[in-house]
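Right, one structure below, let's go through it.
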Amino acid sequence: MLCSLFRATVPGLRVPWAQWSRNWAGVPAHVVDLRSDTVTRPGPAMRRAMAEAVVGDDDYGEDPTVHELQEKAAELLGVERTLFVPTNTMANLISVMGHCRRRGSQVLLGQECHLHVYEQGGVAQIAGVHSHPLPDLPHGTLDLNELERALTRGSGSSYHPVCELVCLENTHSSAGGRVLPVDYLRQVCLLAHTHGARVHMDGARLMNAAVALRIPPARLVEHCDSVSFCFSKGLGAPVGALVGGSKDFIGEAWRLRKALGGGMRQAGVLAAAALVGLAEAEEVLPRDHENAQRFAKGLQDLASPICSVDPATVETNMVLVQVAGLPPLELCQRLQAVSAEEVAQTGCAVRVLLFPWTEQSVRAVWHRDVSAQDTELALKKWEFVLRQLRP
């Protein structure tokens with residue numbers, strides 16, 4: 001079955017809604033949305049759970065469905081307590097503020113990590129915390145020698161900010177969904193604690209990492225002092241994230257959530273969706289990973305000089321495609337456009353939605369709304385576009 005059409009665009013290309021439902025030579029356009037795993041829509045089971053959720057006032061700590069979610073998540077993550085918040089960006093900000101109590105303290109993190117690049121500089125803007133970015137290695141890790149130098153630089157100095165925290169991202173989205181190894185996490189924790197700093201993990205896609213490594217999520221969290229955990233990415237819920245940590249840390253996190261405007265009332269409606277997402281994760285996420293790997297191998301088999309990918313780097317639900325010979329934005333526009341020529345040659349009309357990622361790459365992200373059939377259609381469209389670009 002063809003999926004419903006999305007009203008969506010890539011940057012630089014705006015298409016009126018009327019054109020999305022247009023047929024080409026009697027063939028309905030089929031949309032494969034690979035922009036992000038945030039574009040999912042709640043399925044029937046999730047909508048039913050939301051409609052039937054037992055609720056209370058969560059700002060008073062009285063919502064039973066939120067309690068159920070927080071308790072299940074704490075057990076899953078191996079932490080004492082968790083706190084339900086609206087977004088993973090808020091979860092990260094609360095965590096940084098909880099660890100860095102004095103203004104002007106320093107957090108070390110990767111220069112391409114989500115917290116540093118895509119969260120409005122909130123740790124500086126709101127928390128008064130100084131970010132010191134370190135170069136990311138291709139796997140999404142930090143060089144441990146560089147990290148140790150940064151940790152010790154301000155020790156005993158009245159000129160340097162005091163480093164209070166190291167932030168990691170797992171999986172690492174800008175590295176293409178790479179998974180941080182458990183031994184690396186252990187080494188970072190040892191370094192940070194040795195020099196008086198703590199470790200926070202941005203675990204927006206932590207379940208993807210756990211599924212890829214085939215280990216419980218708690219194994220990835222045990223070397224961290226706090227964790228954020230998102231429900232509105234691969235788990236498919238419309239809203240919600242968690243902060244996880246010790247009992248005292250979550251007590252302070254509750255106060256910070258309130259200060260940031262994140263206190264919610266009958267939040268069980270949202271927590272119910274998150275519970276369904278958790279219950280379905282072990283079925284959905286491996287399928288997403290398999291489809292991403294299938295796509296990467298299929299694109300590699302096309303042997304195009306314009307687009308290249310190394311399937312060995314595809315560890316979860318993301319594929320970074322290197323682009324040569326034309327701007328990534330133009331490739332995205334061509335993949336989104338539909339023509340009579342495409343219908344004549346391939347027998348179908350497919351719009352593939354992507355974002356340019358860097359000046360030389362695009363990123364494709366698999367999720368529960370992209371099936372194996374969608375993946376094959378995306379490959380077919382990619383093959384058509386690359387054929388049109390041949391000299």
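As the structure is a prediction and not an experimental result, all values here were calculated from the model. Residue numbers count from 1 along this sequence.
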I'd like to know if Glu68 pairs up with Lys72 as an ion pair, taking the criterion as any Lys NZ or Arg NE/NH1/NH2 lying under 4.0 Å from an Asp or Glu carboxylate oxygen.
yes

N/O donor-acceptor pair under 3.5 Å between Glu146 side chain and Pro135 backbone
no

Set out, in order, the CA-CA distance, both residues' side-chain angles and the distance that settles side-chain contact (heavy atoms from CB on, under 4.5 Å) for Lys381 and Glu342, then state yes or no.
CA-CA 8 Å; Lys381 178 57 177 270; Glu342 177 188 350; 3.1 Å; yes

Heavy atoms of other groups near Arg265 CZ, more than 12 under 6.0 Å:
yes

Hey, which of Arg205, Arg368, Lys233 is the one that makes side chain to side chain donor-acceptor pair (under 3.5 Å) with Asp37?
Arg205

Could you tell me whether the side chain of Lys297 reaches within less than 4.5 Å of the side chain of Leu379, counting heavy atoms only?
no

Just by distance, do the side chain of Thr375 and the backbone of Ser371 share a donor-acceptor pair under 3.5 Å?
yes

Salt bridge check: are Lys380 and Glu376 linked by an N-O gap of less than 4.0 Å?
no

Would you check if Thr194 and Leu151 make a side-chain contact, meaning some heavy-atom pair closer than 4.5 Å?
no

Checking Gln111 against His116: is there a side-chain donor and acceptor pair closer than 3.5 Å?
no

Arg102 bridged to Glu164 by N-O distance under 4.0 Å:
yes

Please find the pair of heavy atoms, one from Val362 and one from Pro328, that lie closest to each other, and give the distance.
CG1-CB, 3.7 Å

Please set out all donor-acceptor pairs under 3.5 angstrom arising from side-chain atoms of residues 206-219, sequence neighbours excluded.
residue: Asn208; atom: ND2; partner: His289; partner atom: NE2; Å: 3.0

Using a cut-off of 6.0 Å, state whether more than 12 heavy atoms not belonging to Glu282 lie near its atom CD.
no

Looking at every non-hydrogen atom in both residues, tell me the closest pair between Ala273 and Pro238 and how far apart they are.
CB-CD, 3.7 Å

With a 3.5 Å cut-off and no angle check, do the side chains of His193 and Asp225 form a donor-acceptor pair?
yes

Asp59 and Met264, any side-chain heavy atoms less than 4.5 Å apart:
no

Are Arg178 and His139 linked by a side-chain donor-acceptor pair shorter than 3.5 Å?
yes

Does Leu168 reach the side chain of Tyr184, with side-chain heavy atoms less than 4.5 Å apart?
yes

Please check this pair: side chain of Ser361 against backbone of Leu320, looking for a donor-acceptor N/O pair closer than 3.5 Å.
no

Neighbour count above 12 (heavy atom, 6.0 Å) for Gln360 CD
no

Please report the shortest heavy-atom distance between Asn291 and Ala372, naming the atom on each side.
OD1-CA, 3.5 Å

Calculate, to the nearest 0.5 Å, the distance between atoms NE2 and SG belonging to His30 and Cys348 respectively.
9.0 Å

Side-chain contact test, heavy atoms from C-beta onward, threshold under 4.5 Å: evaluate it for Pro161 versus His132 and give yes or no.
no

So, for His160 and Ser157, which heavy atoms are closest and what is the spacing to 0.1 Å?
ND1-OG, 3.0 Å

Joint hydrophobic cluster, Leu235 plus Val179, side-chain heavy atoms closer than 4.5 Å
yes

Do Ile250 and Leu93 land in one hydrophobic cluster if side-chain heavy atoms of ILVMFWY residues count as linked below 4.5 Å?
yes

Does Glu75 have more than 12 heavy atoms from other residues, nucleotides or ligands lying within 6.0 Å of its CD?
no

Hey, is Asp58 close enough to Arg257 for a salt bridge, meaning N to O under 4.0 Å?
yes

Mind listing the closest non-hydrogen atom pair of Leu331 and Val323 along with its distance?
CD2-CG2, 3.7 Å

Judged by atom type as modelled, is there a donor-acceptor pair below 3.5 Å linking the side chain of His99 to the main-chain atoms of Val107?
no

Would you say CD of Gln345 has more than 12 non-hydrogen atoms from neighbouring residues, nucleotides or ligands within 6.0 angstrom?
yes

Taking every heavy atom of Leu34 against every heavy atom of Ala378, the minimum-distance pair comes out as CD1-CB, 4.4 Å

Going by distance alone, is a donor N or O of one side chain under 3.5 Å from an acceptor N or O of the other, for Asn92 and Thr89?
no

Report the relative orientation of the aromatic rings in Phe229 and Phe231; use parallel for angles under 30°, tilted for 30 to 60°, perpendicular for over 60°.
perpendicular

Going by heavy atoms in the side chains, are Arg334 and Leu389 under 4.5 Å from each other?
yes

Quick one, Leu142 and Leu108 - any side-chain contact, counting heavy atoms below 4.5 Å?
no

Got a second to check how far Phe355's CZ is from Arg35's CZ, nearest 0.5 Å?
5.0 Å

Report yes if some heavy atom in the side chain of Leu134 is under 4.5 Å from a heavy atom in the side chain of Asp143; otherwise report no.
no

Is Met90 linked to Leu165 within one hydrophobic cluster, defined over Ile, Leu, Val, Met, Phe, Trp and Tyr using a side-chain heavy-atom separation of less than 4.5 Å?
yes

